[in-house]
Colleague: 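One structure is given below, represented as structure tokens, and several questions about it will come after.
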Amino acid sequence: MSDQNKLLERLADGLDKVAEQNDQVALLLEQLRFNAALETQTEYFQRVAANQLSYLETVNEVANKGIGLARFGDGEILLASDPYRSISFQKGSHNLSRELRSVLKSDRTNLLVALPGMVYQRWWLTVISKNWPVLRSVIPEDRKWGVYSVSRSSAFAAHRQDIVDAWRACWDGRDVTVVTGKGSRFELVDPLFSGIQPRFVEAPSRNAYSEVDRIMDQLLSENRDLVLLSLGPTATVLAARLADHGIQALDIGHISASYNQVFKGAPTPEKLPVQRSQ
């Protein structure tokens with residue numbers, strides 16, 4: 001029994017050393033990853049992050065100037081960079097890729113384009129680094145940018161009620177139309193949307209870009225004061241198209257689910273189903 005205990009102790013010591021070595025290798029790999037991405041990070045800072053508004057500044061810019069908001073997250077960046085790439089709920093295409101790149105190049109004075117802030121997380125380092133050659137060719141220099149995650153949990157966690165009030169200032173007392181996927185997980189949570197009685201325009205919950213022209217025609221068929229868009233990459237496109245017609249449209253994405261995550265401890269938006277169960 002004594003010999004067995006000594007053997008187990010030696011085995012435990014060996015496993016501890018292996019774990020320590022694995023931690024050192026993981027740290028080295030992480031350092032190599034950051035070093036490899038350093039040039040991209042520097043260029044991204046100079047082109048985007050150095051000219052980027054904060055969370056509250058982004059929402060206030062939209063509210064005070066009555067301009068639209070088009071957001072680029074990882075999905076929009078991937079689809080813009082590669083027309084053969086698809087994401088879970090949107091099939092890629094040359095038309096979608098071209099239109100997304102056009103939004104990035106846009107010089108519309110009535111549309112604020114929002115991009116990720118300075119990137120340090122492994123996923124964002126990979127996304128930006130892989131797609132930077134394309135992004136660099138279409139992202140203008142000396143442009144003011146919003147921050148993409150302004151409707152995500154990080155914004156609510158950072159500013160709590162202040163950003164709730166800022167968002168409400170965008171739509172309180174206005175005639176609102178909401179565009180979202182049929183059976184979507186999007187909901188009008190009271191702390192954000194109480195007091196408005198919006199009209200809804202339904203779109204496919206998957207591959208909504210296939211009906212973007214139909215959705216656009218429907219939105220133009222009536223006099224719309226403010227359009228709120230929760231429709232993935234198609235929302236980014238529609239925000240720009242509507243700006244060309246003088247209609248303010250805000251790509252608000254997962255704003256309700258993100259609010260619930262921070263204030264109610266709900267799951268992250270990505271852990272929710274694309275469609276509600278029937």
Colleague: Got Val176 and Asp225 here, is their nearest side-chain heavy-atom distance under 4.5 Å?
Modeller: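 Side chain of Val176 against side chain of Asp225, heavy atoms only: no contact under 4.5 Å found.
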Colleague: Would you name the heavy atoms of Leu96 and Lys91 that are closest together and state the gap between them?
Modeller: CD2-O, 4.0 Å
Colleague: Got a sec: does the CZ of Arg143 have more than 12 other heavy atoms crowding it under 6.0 Å?
Modeller: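 Yes, the 6.0 Å shell around CZ holds more than 12 heavy atoms from other groups.
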Colleague: Same cluster or not: Val134 versus Trp132, using hydrophobic residues (I, L, V, M, F, W, Y) connected whenever any side-chain heavy atoms lie under 4.5 Å apart?
Modeller: no
Colleague: Please confirm whether the backbone N or O of Arg98 pairs with a side-chain atom of Ser102, one donor and one acceptor, at under 3.5 Å?
Modeller: no
Colleague: Determine, using the 4.5 Å side-chain heavy-atom cutoff (strictly less than), whether Ile196 and Tyr259 are members of one ILVMFWY cluster.
Modeller: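 Same hydrophobic cluster.
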Colleague: Heavy atoms only: give me the nearest Leu228-Ile252 pair and the separation to one decimal.
Modeller: CB-CD1, 3.9 Å
Colleague: Check the surroundings of atom CG in Asp217: do more than 12 heavy atoms from other residues, nucleotides or ligands lie under 6.0 Å from it?
Modeller: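 Yes - once you tally the heavy atoms of other residues, nucleotides and ligands closer than 6.0 Å, there are more than 12.
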Colleague: Does some side-chain heavy atom of Leu100 sit less than 4.5 Å from a side-chain heavy atom of Phe72?
Modeller: yes
Colleague: Please report the interatomic distance CG(Leu219) to CZ(Arg214), rounded to the nearest 0.5 Å.
Modeller: 9.0 Å
Colleague: Can you measure from CD (Gln248) to CZ (Arg224) and round to the nearest 0.5 angstrom?
Modeller: 15.0 Å
Colleague: Search all heavy atoms of Ile215 against all heavy atoms of Ala208 and return the closest pair with its distance.
Modeller: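 Answer, listing the atom of Ile215 first, then Ala208: CD1-O, 4.2 Å.
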Colleague: Shortest non-hydrogen contact from Leu188 to Pro198?
Modeller: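 That would be CD1-CG, 3.5 Å.
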Colleague: Can the ring centres of Trp124 and Tyr148 be said to be less than 6.0 Å apart?
Modeller: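 Yes, ring centres under 6.0 Å apart.
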Colleague: Return the CG to NZ distance between Leu111 and Lys65, rounded to the nearest 0.5 Å.
Modeller: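 Output value for this atom pair is 12.5 Å.
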Colleague: Rounded to the nearest 0.5 Å, what's the gap from CG on Leu231 to CZ on Phe89? Could you check?
Modeller: 8.5 Å
Colleague: Within a strict 4.5 Å, meaning less than it, do heavy atoms of the Glu57 and Gln52 side chains meet?
Modeller: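 Answer no - side chains too far apart.
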Colleague: Are Val201 and Leu238 grouped together when hydrophobic residues (ILVMFWY) are joined by side-chain heavy atoms under 4.5 angstrom apart?
Modeller: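 Linked, Val201 and Leu238 end up in one cluster.
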Colleague: Report yes if some heavy atom in the side chain of Trp145 is under 4.5 Å from a heavy atom in the side chain of Thr58; otherwise report no.
Modeller: no
Colleague: Given side-chain contact (heavy atoms from CB on, under 4.5 Å), test Asn260 with Glu187 step by step and report yes or no.
Modeller: CA-CA 10 Å; Asn260 286 337; Glu187 59 177 327; 3.0 Å; yes
Colleague: Please determine which of Thr236, Ile139, Val103 meets the side chain to side chain contact (heavy atoms under 4.5 Å, CB included) test together with Val113.
Modeller: Val103
Colleague: The test is salt bridge (charged side-chain N to carboxylate O under 4.0 Å, His left out); show your working for Asp142 and Arg47 and say whether it passes.
Modeller: CA-CA 7 Å; Asp142 301 321; Arg47 188 75 64 92; over 6 Å; no
Colleague: Take Ser230 and Ile255 through the test side-chain contact (heavy atoms from CB on, under 4.5 Å) and record every step on the way to the result.
Modeller: CA-CA 8 Å; Ser230 179; Ile255 190 170; over 6 Å; no
Colleague: Can you hop from Leu115 to Ile87 via hydrophobic side chains spaced under 4.5 Å?
Modeller: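 Yes, it is one cluster - the side chains of Leu115 and Ile87 are joined through contacts under 4.5 Å.
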Colleague: Any chance the rings of Tyr84 and His94 have centres within less than 6.0 Å?
Modeller: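 Yes, ring centres under 6.0 Å apart.
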Colleague: Quick one, Asn95 and Tyr209 - any side-chain contact, counting heavy atoms below 4.5 Å?
Modeller: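 Yes, side chains in contact.
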Colleague: Is the number of heavy atoms from other residues, nucleotides or ligands under 6.0 Å of Gln161 CD greater than 12?
Modeller: yes
Colleague: Would the distance check show the side chain of Asn131 and the main-chain N or O of Ser81 forming a donor-acceptor pair, the cut-off being under 3.5 Å?
Modeller: no
Colleague: Answer yes or no: is there a donor N or O on one side and an acceptor on the other, between the side chain of Asn110 and the main chain of Ile67, under 3.5 Å?
Modeller: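 Side chain of Asn110 to backbone of Ile67: no pair is present.
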Colleague: Taking the six-membered ring for Trp, are Phe186 and Phe193 parallel (under 30°), tilted (30 to 60°) or perpendicular (over 60°)?
Modeller: perpendicular
Colleague: Please lay out, stage by stage, how His254 and Ser151 fare under the test side-chain contact (heavy atoms from CB on, under 4.5 Å).
Modeller: CA-CA 7 Å; His254 297 302; Ser151 61; over 6 Å; no
Colleague: Does the pair Gln90 and Thr234 meet the rule for a side-chain contact (heavy atoms from CB on, under 4.5 Å), with working shown?
Modeller: CA-CA 9 Å; Gln90 179 59 62; Thr234 305; 3.8 Å; yes
Colleague: Measure the spacing between OG of Ser184 and CD of Glu202 and express it to the nearest 0.5 Å.
Modeller: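 The OG atom of Ser184 sits 9.5 Å away from the CD atom of Glu202.
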Colleague: Contact between Val227 and Ile247 at the side-chain level, heavy atoms closer than 4.5 Å - yes or no?
Modeller: yes
Colleague: Does any part of the side chain of Arg160, heavy atoms only, come nearer than 4.5 Å to the side chain of Val262, both counted from C-beta?
Modeller: yes
Colleague: Does some side-chain heavy atom of Ser97 sit less than 4.5 Å from a side-chain heavy atom of Leu79?
Modeller: no
Colleague: Kindly give the heavy-atom pair with the smallest separation between Asp175 and Asn223, and that separation in Å.
Modeller: OD2-O, 4.2 Å
Colleague: From Met216 CE over to Ser221 OG, what is the distance, rounded to the nearest 0.5 angstrom?
Modeller: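 Taking CE in Met216 and OG in Ser221, the distance rounds to 11.0 Å.
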Colleague: Between Arg168 and Ser194, is a side chain to side chain donor-acceptor pair (under 3.5 Å) present by the stated rule, with each step listed?
Modeller: CA-CA 9 Å; Arg168 289 190 63 116; Ser194 64; 3.0 Å; yes
Colleague: Looking only at heavy atoms, what is the nearest atom pair of Val150 and Trp167, with distance?
Modeller: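 Minimum heavy-atom separation between Val150 and Trp167: O-NE1, 3.4 Å.
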Colleague: So, are Arg136 and Glu43 salt-bridged, with charged N and O less than 4.0 Å apart?
Modeller: yes
Colleague: Answer yes if the side chains of Ser106 and Arg108 hold a donor-acceptor pair under 3.5 Å, and no otherwise.
Modeller: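 Ser106 vs Arg108: donor-acceptor pair found between side chains.
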